[in-house]
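These notes are about the structure you will find just below.
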Amino acid sequence: MTVDAAMVTFSCKRQLSVPCTLTYPRGTCGLRPMAAQPGTSRVVGGTDAQAGAWPWIVSIQDPWRAGTGHICGGSLISPRWVLTAAHCFVKARHVNAWRVVIGATHLTQLGPDTQVRNIKRLVVHEDYSSVWERNDIALLELDQPVQCGYHVQLACVPDASLRVSELTNCYVSGWGSTMARAGGPTDVLQEAKVPLINVHLCNSSRWYAGAVHPHNLCAGYPWGGIDTCQGDSGGPLVCQDNNAEYFWLVGVTSWGRGCARAKRPGVYTSTQHFYDWILVQMGLLPAATAPPRPRPVATSTPLQRPPPTPAQAGSFTACPFPRQKLVEFFKLLQELLQVLWGKKAPATA
């Protein structure tokens with residue numbers, strides 16, 4: 001990935017200095033409790049992400065591949081399910097022996113917050129075309145559920161009511177190549193701020209000339225320089241909600257012509273378009289009764305949205321936060337309140 005150093009600030013508008021994840025309703029997705037302050041430099045070739053900055057990203061690895069074995073990225077959307085790209089598995093063998101690394105930043109230095117799972121089941125979209133990169137989306141069912149924490153959170157998959165085209169604060173992340181001409185994967189998670197690009201412009205004759213499908217999104221810069229690259233496939237394109245702190249998983253890194261070229265931005269699979277397909281594959285919506293696939297709502301009317309939850313509209317399962325973290329939080333809260341009460345107690349002679 002060739003990236004910008006920009007990072008979004010996680011603004012905690014609470015009275016107590018504690019992780020915001022613990023103060024939101026249980027199951028809330030799209031939060032970044034470990035997000036750092038934004039950087040100021042711009043480095044072509046990669047900007048390292050802080051630990052836990054993107055807590056839903058995973059590394060999908062082939063244990064027989066050299067180095068870390070990193071193949072593709074993915075996004076955790078429930079404790080048992082990862083959303084990724086179908087093209088990552090075109091030549092895959094023995095996928096059940098592959099591993100999914102969650103909560104990592106340095107792939108060669110997995111810390112105590114890292115969780116590793118195997119793949120129980122791979123679900124590739126039934127209409128995926130490797131020739132045209134059509135319907136480039138897949139799901140991985142993990143052999144065991146993960147446990148949420150400061151470095152592991154769920155991504156929010158938007159339904160048809162979200163106006164994706166109006167979102168402006170968008171980011172990509174991944175362990176892919178940090179060189180515009182492509183190379184091997186990097187050890188440290190990279191991040192970049194990338195604006196969404198109008199699909200009609202992206203599909204115009206001097207850009208992709210009709211190769212972008214209706215279920216795709218484009219993101220990047222007209223002049224290039226910042227983009228996803230080989231090894232970033234399957235990873236997240238996320239955008240912050242216009243009225244809140246949480247992020248939406250709006251795209252899955254799919255394809256592009258080269259890396260960071262002018263008028264050749266990254267092309268992503270729209271998660272909103274495949275919202276119902278995702279629910280059906282996860283067993284949360286009967287296939288026979290699934291409504292038509294959602295389409296983006298084209299309107300400029302502002303919409304006030306409540307914080308999304310993975311269990312929203314009977315869809316995704318909440319990711320339980322570790323019990324010990326809750327105990328630590330309540331203990332900290334109790335100590336803080338005692339200090340505040342002690343300071344405010346009236347003096348007695």
Side-chain angles (χ1 to χ4, degrees), residues 19 21-22 26-34 51-52 54-65 68-86 88-89 92-125 137-157 173-175 189 234-236 249 252 271 277-285 309-312 314-328:
T21 303
L22 299 176
R26 178 180 294 181
T28 300
C29 56
L31 297 176
R32 304 172 59 210
M34 299 297 291
W54 307 103
W56 42 77
I57 192 169
V58 308
S59 170
I60 302 169
Q61 301 178 358
D62 179 353
W64 291 283
R65 185 163 180 164
T68 62
H70 176 80
I71 299 291
C72 281
S75 300
L76 190 70
I77 61 173
S78 94
R80 278 190 177 273
W81 291 91
V82 168
L83 189 64
T84 185
C88 294
F89 306 94
R93 295 183 178 181
H94 310 294
V95 174
N96 295 108
W98 287 21
R99 57 181 175 249
V100 177
V101 178
I102 310 106
T105 304
H106 294 241
L107 294 184
T108 57
Q109 301 176 23
L110 302 183
D113 298 295
T114 302
Q115 301 174 53
V116 180
R117 299 290 185 270
N118 288 117
I119 298 172
K120 178 181 178 180
R121 183 160 60 105
L122 165 65
V123 182
V124 173
H125 195 282
I137 193 167
L139 281 163
L140 300 178
E141 183 179 7
L142 305 179
D143 61 341
Q144 297 180 35
V146 303
Q147 191 176 46
C148 284
Y150 293 102
H151 293 80
V152 178
Q153 294 286 313
L154 304 181
C156 299
V157 180
S173 52
W175 288 276
L189 181 65
L249 174 63
V252 173
T271 59
W277 179 86
I278 295 170
L279 294 185
V280 170
Q281 306 312 313
M282 294 172 63
L284 300 174
L285 186 67
T309 65
Q312 185 177 4
S315 55
F316 302 104
T317 305
C319 191
F321 204 82
R323 182 176 179 180
Q324 63 270 23
K325 297 297 184 181
L326 293 176
V327 173
E328 292 173 6

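Side-chain contact between Arg121 and Trp81 is present, with at least one heavy-atom pair separated by less than 4.5 Å. With a 4.5 Å cut-off on side-chain heavy atoms, Ile137 and Trp277 count as touching. At a threshold of 4.5 Å between non-hydrogen side-chain atoms, the residues Ser173 and Leu189 count as touching. Between Thr68 and Ser59, every side-chain heavy-atom pair lies at or beyond the 4.5 Å cut-off. Counting only heavy atoms from C-beta outward, the side chains of His70 and Leu107 approach each other to under 4.5 Å. Side chains of Arg93 and Trp64 form no contact here, defined as non-hydrogen atoms less than 4.5 Å apart. Taking 4.5 Å as the limit, some side-chain heavy atom of Leu139 sits within range of a side-chain heavy atom of Ile77. The closest side-chain heavy-atom distance from Gln153 to Cys29 is not below 4.5 Å.
For the pair Trp175 (side chain) and Thr105 (backbone), a donor-acceptor distance under 3.5 Å is present. The main-chain N or O of Gln147 is found under 3.5 Å from a side-chain atom of Gln115 such that the two form a donor-acceptor pair.
Once rounded to the nearest 0.5 Å, the distance linking CG of Leu122 with CG of Leu140 reads 6.0 Å.
The minimum heavy-atom distance linking Pro33 with Pro55 is given by the pair CD-CG, 4.5 Å. Of all the heavy atoms in Val100 and Ile119, the pair that sits closest is CG2-CG1, 3.9 Å. Pairing each heavy atom of Asp143 with each of Arg80, the nearest pair is O-NH1, 3.4 Å. In this structure, Val252 and Ala85 approach most closely via the heavy-atom pair CG1-N, 3.8 Å. Listed here is the closest heavy atom pair of Val58 and Ser75: CG2-N, 4.3 Å. Closest non-hydrogen pair, Leu76 versus Val152, comes out as CD2-CG1, 3.8 Å.
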- Between Gln61 and Trp98, does a side-chain contact (heavy atoms from CB on, under 4.5 Å) hold up when you go through it step by step? CA-CA 6 Å; Gln61 301 178 358; Trp98 287 21; over 6 Å; no

- Check the pair Cys156 / Leu249 against side-chain contact (heavy atoms from CB on, under 4.5 Å), numbers first and verdict last. CA-CA 6 Å; Cys156 299; Leu249 174 63; 5.9 Å; no

- Start with the C-alpha gap between Arg117 and Gln144, add the side-chain angles, then the distance that decides, and say whether side chain to side chain donor-acceptor pair (under 3.5 Å) holds. CA-CA 7 Å; Arg117 299 290 185 270; Gln144 297 180 35; 4.7 Å; no

- Message: Applying side-chain contact (heavy atoms from CB on, under 4.5 Å) to Asn118 and Leu142, what does each step give before you reach the verdict?
- Response: CA-CA 6 Å; Asn118 288 117; Leu142 305 179; over 6 Å; no

- Would Ser78 and Met282 count as a side-chain contact (heavy atoms from CB on, under 4.5 Å) if you check the C-alpha gap in whole Å, the side-chain angles of each, and the deciding distance to 0.1 Å? CA-CA 10 Å; Ser78 94; Met282 294 172 63; 3.9 Å; yes

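In this view, His151 satisfies the ring pair (Phe, Tyr, Trp, His ring centres under 6.0 Å) rule with no residue, not counting sequence neighbours.
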